[in-house]
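To keep things clear, I will list the structure first and then write my remarks on it.
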Amino acid sequence: MATGAPRTTVLDVRGLHWATSEPILEKALTSRPGVLDARASAIAQTVTVTYDDELTSDAELAAWITECGYHCSGRSVPDHICPPTPEPTPGEEHHHAHQHAPAPVDHAHEHAPRDAQEVMGHGGHHGGGSMQDMVRDMRNRFLVALAFSIPITLWSPIGRELIGFGVPAPFGLRDDVFALILSLPVIFYSAWIFVDGAYRALRARTLDMMVLVAVAIGTGWLYSLGITLTGGGEVFYEAATVLASFVLLGHWFEMRARGGANEAVRTLLELAPPRAVVIRDGVELEVPTADVVVGDLLLVRPGAKVPVDGVVAEGESEIDESMVTGESMPVAKRPGDEVIGASINVSGTLRVTASKVGEDTALAQIVAMVQEAQNSKAPGQRLADRAAFWLVLVALVAGSLTFAVWSLSGAGVPTALLYAITVVVITCPDALGLATPTAVMVGTGLGARRGVLFKNATALETSARIDTVVMDKTGTLTKGEPEVTDVVVNGMAEADLLALVAAVERESEHPLARAIVDRAAALGVSVPNASGFRNIAGHGASATVDGHRVLVGSPRLMAREDIPLGDLASSHEALAAAGRTAVLAAVDGRVAGVIAVADAPRETSAAAVQALHELGVEVVMLTGDNDATARRIADELGIDTVISEVLPGDKAAKVAELQAAGRRVAMVGDGVNDAPALATADIGVAIGAGTDVAISTADVVLMRSDPLDVPVALRIGRGTLRKMRQNLGWAVGYNALALPVAAGALQPSLGISLSPEIAALTMSGSSVIVAVNAILLKRLRLPAPVPAAGADDRRQVVTASRG
């Protein structure tokens, strides 16, 4: 029974050669005490494990993985991004165990300290390097198999009869004995991974591709061995060794293709600089990034990468955050602004106080989120996994039946055995196992490069089916910061009016007052000092500016002071009717102008709505604002439907109403009051500059705070689902067509048959086609990012929590 906080860790696993082997590791881990869930990925060479921290640990997980027959080299995030958690001192163990653990809202998405690296003594390994090692190992095994298969084939009946090779076997050996000797390195080195994998699968009481390949190669070789030892009969060592060579060749190419699918995570892992310049006691020291602690003062020179997340203490510069957030334009930074680790300092020198290090940095959390998404199972993949198991069983049964039928027909044991082996080989379900995860990996990586983070494969697949996008107004479609939209003057220049009004408003704390002061500053207006400032609650404010009595406020303030609105009454009414907040200004007892303030749309909101319409998606604005204000924004952006004056607690109910009408809804929001609606929707999309609560509740996080990334997410989802369906269709169709051909059903009538070697090549080719087809998703055309302007470029990017 679970007693501790559920945690999730991503561990690097080497030797997980095929997608059909994933259930073996998952089953082995979930049978252990304390393990709540396990999701393995043969493509990423990682396993995501959710566990009870009171019942097990990273170190025990690593030991169980090794016991299962795989090599665990620790967490998949390098030390300079996520350094090992220090060993707690005596008496601090309980505190340490919970210090980094997030609240158990949804443990499927939580992160945990990864201390396995220290326990196991490995460093710097990650999924990318693990895959490269496996590619190299597979290449070496293939080359050895090829080198020995060539002479085996030459001294075989095929070489003697078809090629006419007449050189006798050396040392006076019989041809079959010489072939047996040459086959030993192929069987006991090159092909031994199949035997080892089959043993693991059978020990776990399951079936996978390793079992099929081991049965096919082992049956042919053992039969030939028996014939050689008894001294008579036809042998086919060449069939077993060439079969092993072709399987290894195909999977060498397949693994290289898989490596391309996992490019996004490798790119992210390489972003963080391995070393940092720290100022301690006034002395500049270059230290490993893993040694940086919270509170350290960092020196970041022009062109250098920011080592960890921090706050600018001194200096001004522009920071290129595109590699982390997807933001295309450099972001201006000055003292007090936050900077993100792995971003690049473009111009000035900065001194930065480290605020988040290790696993708490934005980059480490992004990497972990992407890895968890890639390891998660899409709904279609769960069905494919079950189908792959049964396909292995079908292949074994079909191979046995093929042997029996051909034997009973009088074809002879060698011929019947070759057909049976061909059936077993060609029906390998590896393409079926790869069909969905390769597409998921490319899709999540494509999103990560654009700053669109999918938390799991289900969110990626669900996003493809969205037909209605509900967007919160304030902070999502709009900037969430009031700004001056109109200035109507009466009898004086606009600059003069703004100078007087800004002098009064500079003394106020009201957000609308700040908007007017910012407008004056933007126009370069010189603002004089005010005296005698007086706040008139519910009406406005008054002060004396350069000898003039200035009133700023509502019509009630003007009525209270007996100041008629005159010709400006109609302008005030028109601006108010358009959904703007209209502020009246009077100078020396006469109304001098109207200043309209409103929450302006983001620069990309209209383009986002248009892009969603091009996808056939209906856009709904959901807001607590009055209908006039909501309609103004909706008309400006071209939004279809407006649901206004909604209380925060009712937003989820409005989303549920749309779902009840048969809509598949994505909710986009940024605030605490959006969290219930985000959770209710089919997928929740959090704007990156929103609250941690909104981000933790959502299924998709937009790091750039750009609504244009909503259609980007949907396009990626649709493209990924399309690739999933294409791959599954190919994998299923291939097996359906290949099985009868391999069994020799067309031999009597058309003379068409396949040898085991050709079956191995086509089987491996099928897997390569699936992997390459998924990689083609990278060519998906997405809306071009539109750089934001002004203060919005200096947005604070909040770390994407996985809660």
Side-chain angles (χ1 to χ4, degrees), residues 14-18 20-21 24 66-71 133-156 158-159 169-171 173-204 207-231 233-252 254-255 396 399 414 417-418 420-421 424-425 428 430 756-757 759-761 763-764:
R14 300 188 184 187
L16 197 60
H17 291 90
W18 283 274
T20 54
S21 301
I24 299 174
T66 303
E67 182 181 326
C68 189
Y70 300 98
H71 174 63
D133 292 341
M134 285 182 57
V135 170
R136 192 178 302 111
D137 177 67
M138 193 66 66
R139 179 201 62 194
N140 294 341
R141 291 176 186 273
F142 160 69
L143 293 176
V144 170
L146 178 65
F148 284 96
S149 294
I150 292 174
I152 290 174
T153 303
L154 291 176
W155 272 281
S156 72
I158 293 178
F171 310 115
L173 297 173
R174 292 198 325 255
D175 286 352
D176 61 334
V177 174
F178 183 55
L180 168 62
I181 296 172
L182 292 179
S183 72
L184 295 178
V186 179
I187 300 301
F188 292 99
Y189 167 65
S190 295
W192 192 252
I193 56 172
F194 306 125
V195 178
D196 180 61
Y199 169 73
R200 291 185 216 160
L202 295 174
R203 190 176 65 174
L207 299 173
D208 70 351
M209 179 180 166
M210 292 288 204
V211 174
L212 292 185
V213 177
V215 166
I217 295 174
T219 301
W221 187 80
L222 289 173
Y223 172 81
S224 300
L225 175 64
I227 295 297
T228 298
L229 295 178
T230 56
E234 182 180 351
V235 296
F236 34 85
Y237 291 110
E238 80 286 349
T241 56
V242 173
L243 170 60
S245 301
F246 278 11
V247 173
L248 291 167
L249 173 64
H251 286 286
W252 174 29
E254 175 197 320
M255 286 181 178
L396 293 173
L417 193 59
L418 282 176
I421 291 173
V424 169
V425 170
C428 284
D430 198 42
E757 299 91 334
L761 194 60
M763 178 271 295
S764 299

What's the shortest heavy-atom distance between A145 and V186, and which atoms?
CA-CG2, 3.9 Å
Inter-residue atom distance L184.CG - S190.OG, 0.5 Å rounding:
11.5 Å
Of all heavy-atom pairs between S156 and T153, which one has the smallest distance, and what is that distance?
OG-O, 2.5 Å
Could you walk me through whether F148 and T241 pass the side chain to side chain contact (heavy atoms under 4.5 Å, CB included) check?
CA-CA 8 Å; F148 284 96; T241 56; over 6 Å; no
Between the main-chain N or O of A216 and the side-chain N or O of T219, is there a donor-acceptor pair closer than 3.5 Å?
no
Close side-chain approach of L248 and I193, heavy atoms under 4.5 Å
yes
For S183 and I152, what are the C-alpha separation, side-chain angles and deciding distance, and is it a side chain to side chain contact (heavy atoms under 4.5 Å, CB included)?
CA-CA 7 Å; S183 72; I152 290 174; 4.0 Å; yes
Check this for me: Y189, atom OH, are more than 12 non-hydrogen atoms of other residues, nucleotides or ligands nearer than 6.0 Å?
yes
Evaluate the criterion side chain to side chain contact (heavy atoms under 4.5 Å, CB included) for residue pair R139 and V135; output intermediate values, then yes/no.
CA-CA 6 Å; R139 179 201 62 194; V135 170; 5.6 Å; no
Carefully, step by step, assess F178 and L182 under the rule side chain to side chain contact (heavy atoms under 4.5 Å, CB included).
CA-CA 6 Å; F178 183 55; L182 292 179; 3.5 Å; yes
Any side-chain heavy-atom pair from I421 and L243 closer than 4.5 angstrom?
yes
Contact check, side chains of L180 and V235, non-hydrogen atoms, under 4.5 Å
no
Value for CD1 (I181) from CG (D176), rounded to nearest 0.5 Å, stands at 10.0 Å
Nearest heavy atoms of I217 and A191, plus distance in Å
CD1-CB, 4.3 Å
Mind checking the CD1-OH spacing from I187 to Y237? Nearest 0.5 Å is all I need.
9.5 Å
Would you mind telling me which of L212, V213, V215 makes a side-chain contact (heavy atoms from CB on, under 4.5 Å) with F194?
V213
